Amino acid sequence: MKVEIEVISKEILIKPCTPTPIEFRHYNLSYLDQIIPPIFMPLVYFYPASDLFSNTERSDKIKLSLSEALAKFYPLAGRVVDNLYVDCNDEGVPYVEVVVKCNLADIISNPIPNELNKFIPYELDEVKDVGLVVQVNFFECGGMAIGIGISHKLADAASCFMFINTWAAIACRQCHLSPFFDSATLFPPKDASLVRDVCLEIQRENILTKRFVFSNSDISALRDEYADQRMKGSVFERIGLRPSRILALSAFLWSRFMATVHSERDPNKIYAVTHSVNLRGRTDPPLPESLFGNIMRSAFVVPFFDKGSEDEVFEFMNQMRESIQEINNNFVSQLRKNDQQHLNFLQERANDKRKGHMALLSFTSLCKFPLYEADFGWGKPIWVGSARLATKNIIGFMDTKLGDGVEAWVNLEADDMAKFEADKKLLAFCKNGI
């Protein structure tokens, strides 16, 4: 359904409740922050009507707790300067309130990802120098949704949830952790001109996002299918595991993407895949979980092809699993010691993509992150959604509310989506809807 909204509160700026100390006014971006494109990461938290709070009371609680949270996460209330640092000037976070002209159930019974962008106040590629935007959406039934866009330039998924769940804990006067802002010491920034050409292409128009839901039984069936005798001698046999549910889903969706969108393959083109990896637990000793910033990198593979045979899927899993395992303490040490080598690699891949020499499919997973923990005083969300992204060929995974499955949010160009979503093998393993 088409979503209609009416703005009831013009944009205001929510500022930290206490001024940022002068010694913290200059927050350097890390090298890993600098190479991230300036886009918002979208999340929309849906809450049912509350007998304890009116809309006005909920609004006041959200704004007050946001102000307090920004005092701890002060870079989010500042402004990014020249892809080098954040001027933590307490300028504030854009905040909007709207009325949604339908009931909450109308949205979550059959979510349309492209419509969910209306619950976030800015287009996802209109980041400019802002770190965070918030929109509170009130439904006619009394339910509400909190739409949040955090600049990927400042935060990865782990940092995003760290902020949101701290904000919610502050609203409930509960204990919460304090962020650790030291990523630029670990990964020192570079001359901004050197990292300008490594970012993903932004493409707002002609992108469709579809949500495919896989039950645990569907995923288990895929894992069983991919754990047969053809894996004898593979990395999976050596470590005694079936492929993980995310790896199995990635392999399956990649195979359907290639079978539909790239059924005719160009022998002169590179068909590559990336998978995002959190670096925090992959060093010795581990980096702090409270370390804020983009503490992540992507595993990169060019999968083996054999004219659509099933061997492709098993080889894909071997390659991807090994590539992910290689992102370890040694990888992070090399990244810190020789970041120019990594930058050169990224520049080469970006050039291949711009010249049309490479087709790239990227995976990222929010599974196992604390997606459903944000309780602002009226209970945990009944559903958390995303939105249509501003980059194509990205598949994001999210846990379902009850943890009994995985939602795959697939972002493709419209013509490619028409081929992909009609695939019979895909539809046999999943369903649309919650």
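Remember, it's a predicted structure, so these values are computed and weren't measured experimentally.
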(message) For a 4.5 angstrom cut-off between non-hydrogen side-chain atoms, does Tyr85 reach His26?
(response) yes
(message) Among residues at least two apart in sequence or on other chains, which ones pass ring-ring contact (aromatic ring centres under 6.0 Å, His included) with Phe119?
(response) Phe46, Phe139
(request) To the nearest 0.5 Å, tell me how far Asn294 CG sits from Ile36 CD1. (result) 4.5 Å
(message) Just so I know, are the side chains of Phe316 and Ser255 near enough to count as touching, which here means a heavy-atom distance under 4.5 Å?
(response) no
(request) Grab the two heavy atoms, one from Ser183 and one from Leu291, that are nearest each other, plus how far apart they are. (result) N-CD1, 3.9 Å
(request) Flag yes if more than 12 heavy atoms outside Glu4 fall under 6.0 Å of its CD atom; otherwise flag no. (result) no
(message) Quick check against the 3.5 Å criterion: does Asp416 have a side-chain atom that pairs as donor or acceptor with the backbone of Glu413?
(response) no
(message) Treating Gln135 as the side-chain partner and Lys118 as the backbone partner, does any N or O pair qualify as donor plus acceptor under 3.5 Å?
(response) yes
(request) State, to 0.1 Å, how close Ala248 and Met317 come at their nearest heavy-atom pair, and which atoms those are. (result) CA-SD, 4.4 Å
(message) So Met162 and Phe180, do their side chains get closer than 4.5 Å, heavy atoms only?
(response) no
(request) Mind listing the closest non-hydrogen atom pair of Ile207 and Thr391 along with its distance? (result) CD1-C, 3.6 Å
(message) Testing the 3.5 Å rule here: is there a donor-acceptor pair between the side chains of Asn344 and Gln340?
(response) yes
(message) Ring-plane angle category for Phe314 and Tyr226, please: parallel below 30°, perpendicular beyond 60°, tilted otherwise.
(response) perpendicular
(message) What I'd like to find out is whether the side chain of Val134 reaches to under 4.5 Å of the side chain of Pro94, using heavy atoms alone.
(response) no
(request) Decide yes or no for Arg321 and Pro243: does some side-chain heavy atom of the first lie under 4.5 Å from some side-chain heavy atom of the second? (result) no
(request) Only counting residues at least two apart or in another chain, list the ones meeting ring-ring contact (aromatic ring centres under 6.0 Å, His included) with Tyr74. (result) Phe24, Phe181
(request) State whether the number of non-hydrogen atoms from other residues, nucleotides or ligands found under 6.0 Å of Asn328 atom CG is greater than 12. (result) yes
(message) If we ignore hydrogens and angles and just use 3.5 Å, is the side chain of Lys210 paired with the main-chain N or O of Leu412 as donor and acceptor?
(response) no
(message) Please give me the minimum heavy-atom distance between Val127 and Pro38, naming the atom from each residue.
(response) CG2-O, 3.4 Å
(message) Quick check on Glu264: does its CD atom have over 12 non-hydrogen neighbours (other residues, nucleotides or ligands) under 6.0 Å away?
(response) no
(request) Would you mind listing every side chain to side chain donor-acceptor pair (under 3.5 Å) that reaches into residues 271-282, with sequence neighbours excluded? (result) Asp156-Arg280, Ser159-Arg280, Ser250-His275, Thr274-Ser362, Asn278-Arg280
(message) Rounded to the nearest 0.5 Å, what separates atom CZ in Phe73 from atom CG in Leu66?
(response) 11.5 Å
(message) Checking Lys425 against Glu225 for the salt bridge (charged side-chain N to carboxylate O under 4.0 Å, His left out) test, could you report, in this order, the C-alpha distance in whole Å, the side-chain angles of both residues, the deciding distance, and whether it holds?
(response) CA-CA 13 Å; Lys425 287 190 177 180; Glu225 180 180 336; over 6 Å; no
(request) For the pair Leu426 and Thr260, evaluate side-chain contact (heavy atoms from CB on, under 4.5 Å) and give the outcome as yes or no after the intermediate values. (result) CA-CA 10 Å; Leu426 169 68; Thr260 55; over 6 Å; no
(request) To the nearest 0.5 Å, tell me how far Asp404 CG sits from Asp399 CG. (result) 9.5 Å
(request) Measure from the side-chain N and O atoms of Asp266 to the backbone N and O of Asn268, and report whether any donor-acceptor pair falls under 3.5 Å. (result) yes
(message) Main chain of Glu91, side chain of Asn89: is a donor-acceptor contact present, judged purely on distance under 3.5 Å?
(response) yes
(message) Checking Asn330 against Ser333: is there a side-chain donor and acceptor pair closer than 3.5 Å?
(response) no
(request) State whether the side chain of Ser386 and the backbone N or O of Leu43 hold a donor-acceptor pair below 3.5 Å, judged by distance alone. (result) no
(request) Could you tell me whether the side chain of Asp125 and the main chain of Ala390 form a donor-acceptor pair under 3.5 Å? (result) no
(message) Listing request: all ring pair (Phe, Tyr, Trp, His ring centres under 6.0 Å) pairs with a residue in residues 329-360, at least two apart in sequence or in separate chains.
(response) Phe300-Phe345
(message) One pair to check against side-chain contact (heavy atoms from CB on, under 4.5 Å): Lys419 and Ser263. What are the steps and the verdict?
(response) CA-CA 10 Å; Lys419 301 173 187 175; Ser263 57; over 6 Å; no
(request) Would you check if Asn318 and Glu315 make a side-chain contact, meaning some heavy-atom pair closer than 4.5 Å? (result) yes
(request) Taking the side chain as every heavy atom from C-beta outward, state whether Gln34 and Leu343 have any atom pair closer than 4.5 Å. (result) no
(request) Work out which heavy atom in Phe214 is nearest to a heavy atom in Cys430; give both atom names and the distance. (result) CE2-CB, 3.6 Å
(message) Distance check, rounded to the nearest 0.5 Å: Ile246 atom CD1 versus Ser244 atom OG?
(response) 6.5 Å
(request) For Lys392 and Asn411, run side-chain contact (heavy atoms from CB on, under 4.5 Å): C-alpha distance rounded to whole Å, both residues' side-chain angles, the deciding distance at 0.1 Å, then the answer. (result) CA-CA 5 Å; Lys392 66 178 181 178; Asn411 300 266; 5.9 Å; no
(request) Drop me the distance from Ser323's OG to Ile327's CD1, to the nearest 0.5 angstrom. (result) 5.5 Å
(request) Ignoring hydrogens and angles, tell me if any N or O in the side chain of Ser109 forms a donor-acceptor pair with the backbone of Ala105 under 3.5 Å. (result) yes
(message) Would you say the rings of Phe420 and Phe212 are close, in the sense that their centroids are separated by under 6.0 Å?
(response) yes
(request) Using the test ring-ring contact (aromatic ring centres under 6.0 Å, His included), find all partners of Phe369 that sit at least two apart in sequence or belong to another chain. (result) Phe161
(message) Strictly distance-based, threshold 3.5 Å: is any side-chain N or O of Asn117 a donor or acceptor partner for the main-chain N or O of Arg388?
(response) yes
(message) Return the CD1 to CG distance between Ile395 and Leu253, rounded to the nearest 0.5 Å.
(response) 5.0 Å
(message) Quick check: do Leu186 and Arg336 have side-chain heavy atoms less than 4.5 Å from each other?
(response) yes
(message) Taking NZ in Lys368 as the centre, count heavy atoms belonging to other residues, nucleotides or ligands within less than 6.0 Å. Is the count above 12?
(response) no
(request) State whether the side chain of Arg79 and the backbone N or O of Asp90 hold a donor-acceptor pair below 3.5 Å, judged by distance alone. (result) no
(message) Once ring-ring contact (aromatic ring centres under 6.0 Å, His included) is applied, do any residues pair with Tyr31, and if so which ones, sequence neighbours excluded?
(response) none
(request) Kindly determine whether Ile219 and Leu249 satisfy side-chain contact (heavy atoms from CB on, under 4.5 Å), including the steps that lead there. (result) CA-CA 7 Å; Ile219 299 169; Leu249 277 176; 4.0 Å; yes
(message) Minimum heavy-atom separation for Leu154 and Asp33, please, with both atom names.
(response) O-OD1, 4.2 Å
